[in-house]
Amino acid sequence: MRLLTHNMLSSNIKGVTNGFPLRIEAEKVVEKTVEMNPDFLKKMFDKIQWKAFVDGSRAMGFTELPEEVDSSVLESDEFLSRFHHALLELHLEEGALVCPETGRRFPVNKGIPNMLLHEDEV
């Protein structure tokens, strides 16, 4: 699972009002090379919830993103390279996503998050 996906997932357990961002518990992270597309990165930048993205990248062992940013960083090739790496090349292969409100763990196996709810959570 890429951080791009993680940034768009939330816990939909019945009664949960704060299901985003899901905390990452990484057991196995792999890097997969992806061709860089600066135009795609610039378009995605505004759609990303930055704090959740940075926290997710750190949970996966990548600490080279700044805490706070604004759109001026998109002019930096170095920033775009780091953003690209964290967004598209880091993959959570094994681990869990944890609901910030309930602590419910959603397993990630072979890169696929299992977000299915139990009957009593619907």
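Values reported hereafter were calculated over all heavy atoms of this structure, with side chains retained and with hydrogens, waters and symmetry mates removed. Predicted, not measured: the structure shown is a model, and the values here were computed from it.
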Please assess Asn12 against Met115 for the test side chain to side chain contact (heavy atoms under 4.5 Å, CB included), listing each intermediate value before the final yes or no. CA-CA 9 Å; Asn12 291 315; Met115 301 296 292; over 6 Å; no
Donor-acceptor pairs are to be reported for all side-chain atoms of residues 14-31 against protein atoms at under 3.5 Å, with residues two or more places apart or in another chain.
unit_1, atom_1, unit_2, atom_2, d
Thr17, OG1, Glu101, OE1, 3.3
Arg23, NH2, Glu25, OE2, 2.9
Glu25, OE1, Arg105, NE, 2.9
Glu25, OE1, Arg105, NH2, 2.7

Could you check whether Asp39 pairs with Lys43 (Lys NZ or Arg NE/NH1/NH2 to Asp/Glu carboxylate O, under 4.0 Å)? no
Roughly how far, to the nearest 0.5 Å, is the NZ atom of Lys110 from the CD atom of Glu94? 8.0 Å
Could you state the interatomic distance from CG (Leu3) to CG (Leu92), rounded to the nearest 0.5 Å? 8.5 Å
Which residues satisfy the side chain to side chain donor-acceptor pair (under 3.5 Å) test with Glu35, sequence neighbours excluded? none
Assigning hydrophobic clusters by single linkage (Ile, Leu, Val, Met, Phe, Trp, Tyr; side-chain heavy-atom cutoff under 4.5 Å), is Val98 placed with Met60? no
Is the shortest heavy-atom distance from the side chain of Phe106 to the side chain of Leu117 under 4.5 Å? yes
Under 3.5 Å, which donor-acceptor pairs link side chains of residues 82-89 to any protein atom two or more places apart or in another chain?
unit_1, atom_1, unit_2, atom_2, d
Arg82, NH1, Glu78, OE2, 3.4
Arg82, NH2, Glu78, OE2, 2.6
His84, NE2, Val34, O, 2.9
His84, NE2, Glu89, OE2, 3.3
His85, ND1, Glu89, OE1, 2.9
Glu89, OE2, Val34, N, 3.0

On a heavy-atom basis, which atom in Phe45 and which in Asp70 lie closest, and how many Å separate them? CZ-O, 3.8 Å
Would you indicate whether the side-chain heavy atoms of Lys42 and Leu80 approach each other to under 4.5 Å? yes
CG of Leu65 to CZ of Phe79, rounded to nearest 0.5 Å, is 6.5 Å
Between Met8 and Ile13, is there shared hydrophobic-cluster membership here, with clusters defined by ILVMFWY side-chain heavy atoms closer than 4.5 Å? yes
Can you tell me how far the CG atom of Leu4 sits from the CG atom of Leu90, to the nearest 0.5 Å? 12.0 Å
For the residue pair Pro66 and Val69, what are the closest heavy atoms and their distance? CG-CG1, 3.3 Å
Atom CG in Asn7, atom NZ in Lys47: separation rounded to 0.5 Å? 12.0 Å
Working to the nearest 0.5 Å, report the span between CG of Asn109 and CE of Met1. 12.0 Å
Same cluster or not: Val108 versus Leu116, using hydrophobic residues (I, L, V, M, F, W, Y) connected whenever any side-chain heavy atoms lie under 4.5 Å apart? no
